[in-house]
Amino acid sequence: MKRWTLPRLLEPKSITFGFTVFYFVWTAAAWLGAPFPSYSHFGGPDYHFNLFMAALLFVAAAGLVINRTWGKLLATTLCGQVPLAFCFLFWMSAQQADALSFSPAHITQWLRELTLMPIEAWLWLAVSSIILSYAAPAIVRAKRVDKSALMPAGRAVLPPHTQLAREQLRHFTTPATSAGLRAHHHASVR
């Protein structure tokens, strides 16, 4: 029976990539059309950080869609920082509340900080978690190169000193002596 699969554009990786492209273009357009404050010719700091995060998520999603080990490693490295930043904020909120870690005062302070976070931070966490959930397991499951497939047929992948010892043993033994050695080995094992 043929297994049903989703079309390539409806896969979660492709949807995530499409969303990051949209988010990057939308953020760049908002950054270019933003009114510049009179005190700076660079624009507000929020626009720069939003554009930076949009570019980071776009590059990470592109690395995921490329479907190469280095692309997935790039996606894991870039997107792994956002959940770690949330964990760091959780850990630091205990010091801000002057409470023990995981105490009710600490949890209350953390929940208060979560409600004050902008919607973009939640978006960054969601998209980076999706990309991370696809990229990190793919790196772990990456196929290893089988060295025996790279060697000519009949030749084992052994260190040079082991190959030399095998050649010397093969030179000094005849079929009769090697059969005798095998029989002696099997008798001593029993």
Side-chain angles (χ1 to χ4, degrees), residues 1-37 40-94 96-97 101-102 106-147 149-150:
M1 186 185 309
K2 190 173 182 178
R3 191 174 153 201
W4 186 77
T5 59
L6 285 173
R8 187 169 178 92
L9 292 177
L10 293 178
E11 292 178 353
K13 290 190 292 189
S14 300
I15 292 171
T16 304
F17 178 70
F19 178 76
T20 58
V21 169
F22 169 75
Y23 182 63
F24 177 72
V25 170
W26 180 60
T27 306
W31 180 68
L32 291 174
F36 295 111
S40 171
H41 63 282
F42 291 114
D46 290 341
Y47 292 114
H48 290 291
F49 191 69
N50 288 345
L51 187 62
F52 170 75
M53 287 302 295
L56 182 126
L57 292 173
F58 171 67
V59 170
L64 184 65
V65 171
I66 288 173
N67 205 16
R68 300 268 188 226
T69 304
W70 63 266
K72 292 174 183 171
L73 184 62
L74 176 71
T76 303
T77 304
L78 292 177
C79 286
Q81 297 174 12
V82 177
L84 286 177
F86 270 76
C87 292
F88 179 73
L89 288 174
F90 173 74
W91 192 257
M92 294 306 290
S93 65
Q96 291 175 351
S101 296
F102 302 103
H106 177 215
I107 301 297
T108 304
Q109 175 68 24
W110 171 243
L111 293 175
R112 188 177 305 121
E113 287 183 16
L114 288 180
T115 58
L116 296 176
M117 283 188 185
I119 192 70
E120 290 93 4
W122 290 101
L123 175 77
W124 300 333
L125 180 65
V127 173
S128 65
S129 297
I130 291 169
I131 294 172
L132 191 62
S133 69
Y134 278 102
I139 292 172
V140 173
R141 289 190 314 257
K143 293 183 180 179
R144 297 174 194 255
V145 176
D146 186 16
K147 291 183 181 179
L150 301 176

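Numbers here simply count residues along the sequence, with the first being 1.
Rounding to the nearest 0.5 angstrom, the gap separating the CG atom in Asn50 from the CD atom in Glu120 is 5.0 Å. Atom CG of residue Leu64 and atom CG of residue Leu57 lie 12.0 Å apart, to the nearest 0.5 angstrom. Put simply, NE2 on His106 and CD on Gln109 are 8.0 Å apart, with the number rounded to the nearest 0.5 Å. From Phe86, atom CZ reaches atom CH2 of Trp124 across 9.0 Å, with rounding to the nearest 0.5 Å. Here OG of Ser101 is found 9.0 Å from CD1 of Ile107. Values are rounded to the nearest 0.5 Å. Separation of atoms CH2 (Trp70) and CD1 (Ile139) is listed at 12.0 Å; rounding is to 0.5 Å.
Here the closest non-hydrogen pair linking Ala135 and Ala75 is CB-CB, 4.0 Å. The two residues Thr20 and Ala61 come nearest to each other via the heavy atoms OG1-CB, 3.4 Å. Here the closest non-hydrogen pair linking Leu132 and Pro83 is CD2-CG, 4.2 Å. Minimum interatomic distance between Ala136 and Thr76 (heavy atoms only, all atoms of both residues): N-OG1, 3.6 Å. Minimum heavy-atom separation, Met53 to Val82: CE-CG2, 3.7 Å. Heavy atoms only, all atoms of each residue included: Cys79 and Ala60 are closest at SG-CB, 3.4 Å.
Under a 3.5 Å cut-off, the side chain of Thr27 and the backbone N or O of Phe24 do not form any donor-acceptor pair.
Between Trp110 and Trp91 there is no side-chain heavy-atom pair separated by less than 4.5 Å. Put simply, the side chain of Leu114 reaches to within 4.5 Å of the side chain of Met117, judged on heavy atoms. The shortest distance between side-chain heavy atoms of Tyr23 and Leu123 falls below 4.5 Å.
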Problem - Pair Val21-Phe17, side chain to side chain contact (heavy atoms under 4.5 Å, CB included): steps then yes or no - result: CA-CA 6 Å; Val21 169; Phe17 178 70; 3.8 Å; yes

Practice task
Walk me through it: do Asn67 and Lys72 pass the test side chain to side chain contact (heavy atoms under 4.5 Å, CB included)?
Solution key: CA-CA 7 Å; Asn67 205 16; Lys72 292 174 183 171; 2.7 Å; yes

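Separation of the Phe22 and Phe58 ring centroids does not fall under the 6.0 Å cut-off.
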